[in-house]
Amino acid sequence: MSQSFDNLVHSRRSVRKYDSHAEFDHQDVADALELALLSPNSSNMQMWEFHRVIDEDKRAQLAEICMGQNAVKTANELVAVVVTPHNWKQRAEMNAEVVRKAFEGREDATSRAALKYYGKLIPFVYRNDKLGLLGLGRKLLSAFVGRKKPMVREVSKEDVRVCLHKSAALASMTFMYAMKDKGYDTCPMEGFDSVRAKKLLGLRNSDQICMIIGCGVAAKDGIYGERHRVSSSDVVKSH
Ligand SMILES: Cc1cc2nc3c(=O)[nH]c(=O)nc-3n(C[C@H](O)[C@H](O)[C@H](O)COP(=O)(O)O)c2cc1C
């Protein structure tokens with residue numbers, strides 16, 4: 001059921017109630033997630049996980065954790081998009097290895113820069129899990145260096161958190177469009193008790209849930225209102 005991208009964007013709505021009689025193939029979620037994995041993400045670190053909640057009993061438990069929202073109660077499947085700050089080292093090494101392979105036998109400035117990026121800069125930014133004070137130091141250092149030349153300022157633990165959530169949100173969007181393209185509806189949600197949700201999904205302490213996405217086929221009354229957006233002239237600025 002492929003449609004033009006315009007149609008796809010116009011037809012996707014956050015659906016709060018799903019049709020319990022409609023057909024739902026869980027394999028389609030798996031296929032949509034494969035597409036989501038191709039989303040752009042910061043430094044190709046792919047610090048995300050996608051937790052599929054299919055089991056009926058688990059879905060019911062998650063519905064309570066999501067404040068009893070209909071979009072969870074009536075969904076055929078839920079996907080929790082999770083950011084995983086712990087695996088930066090493995091991912092940096094993986095990317096460095098990819099660079100090494102790509103440039104095998106022809107070491108040049110580009111490959112040296114890429115290796116330096118994954119070997120030095122990425123650890124500088126990401127190795128901040130428990131270093132609150134050092135994070136502040138890094139921020140001061142970047143402000144100092146930044147007086148002389150342009151540089152990326154977002155290097156604190158909080159900044160990394162934002163960075164991970166940006167990438168996870170892009171993957172979420174790809175997933176939701178892919179689901180729409182396959183004839184399904186979705187609802188992204190942040191209205192949940194993160195402590196309980198993490199426990200239910202068996203996540204690590206450091207993991208954070210970016211959003212939980214309800215999936216199904218819209219019931220007749222599944223869309224709660226007309227779509228409303230502020231005018232583009234209020235928010236689109238040209239320079
Ligand atoms: C990060 C995020 C969190 C959201 N959380 C919820 C939620 O907890 N419950 C809900 O019903 N909708 C939630 N929504 C859906 C928005 O309310 C919805 O996208 C918005 O009203 C625009 O409607 P549309 O998606 O139909 O265009 C969320 C959307 C985003 C992007």
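For ligands, and for the atoms within them, numbers begin at 1 and follow the listed sequence. Note that this is a predicted model, so its numbers are computed, not measured.
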Counterpart residues, side chain to side chain contact (heavy atoms under 4.5 Å, CB included), relative to R91 (two or more places apart):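 Listed in chain order: M45, Q46, M47, N87, M94.
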
For F50, ring pair (Phe, Tyr, Trp, His ring centres under 6.0 Å) partners two or more places apart: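 Listed in chain order: W48.
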
Results of ring pair (Phe, Tyr, Trp, His ring centres under 6.0 Å) for F24 - residues two or more places apart only: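 Partners of F24 under the ring pair (Phe, Tyr, Trp, His ring centres under 6.0 Å) test: H26, Y184.
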
Distance-minimising heavy-atom pair for M179 and D28: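 Answer, listing the atom of M179 first, then D28: SD-O, 4.1 Å.
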
Minimum-distance pair of heavy atoms, taken over all atoms of N95 and S43: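 Looking at all heavy atoms of both residues, the shortest contact is ND2-O, 3.4 Å.
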
Member of V81, V79, L35 meeting the side chain to side chain contact (heavy atoms under 4.5 Å, CB included) criterion with F175: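 Testing each of V81, V79, L35 against F175, the sole residue satisfying side chain to side chain contact (heavy atoms under 4.5 Å, CB included) is V79.
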
Amino acids contacting ligand 1, non-hydrogen cut-off under 4.0 Å: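 Residues R12, R13, S14, R16, Q69, C187, P188, M189, E190, G191, R227, R229 each place a heavy atom under 4.0 Å from ligand 1, listed by chain and number.
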
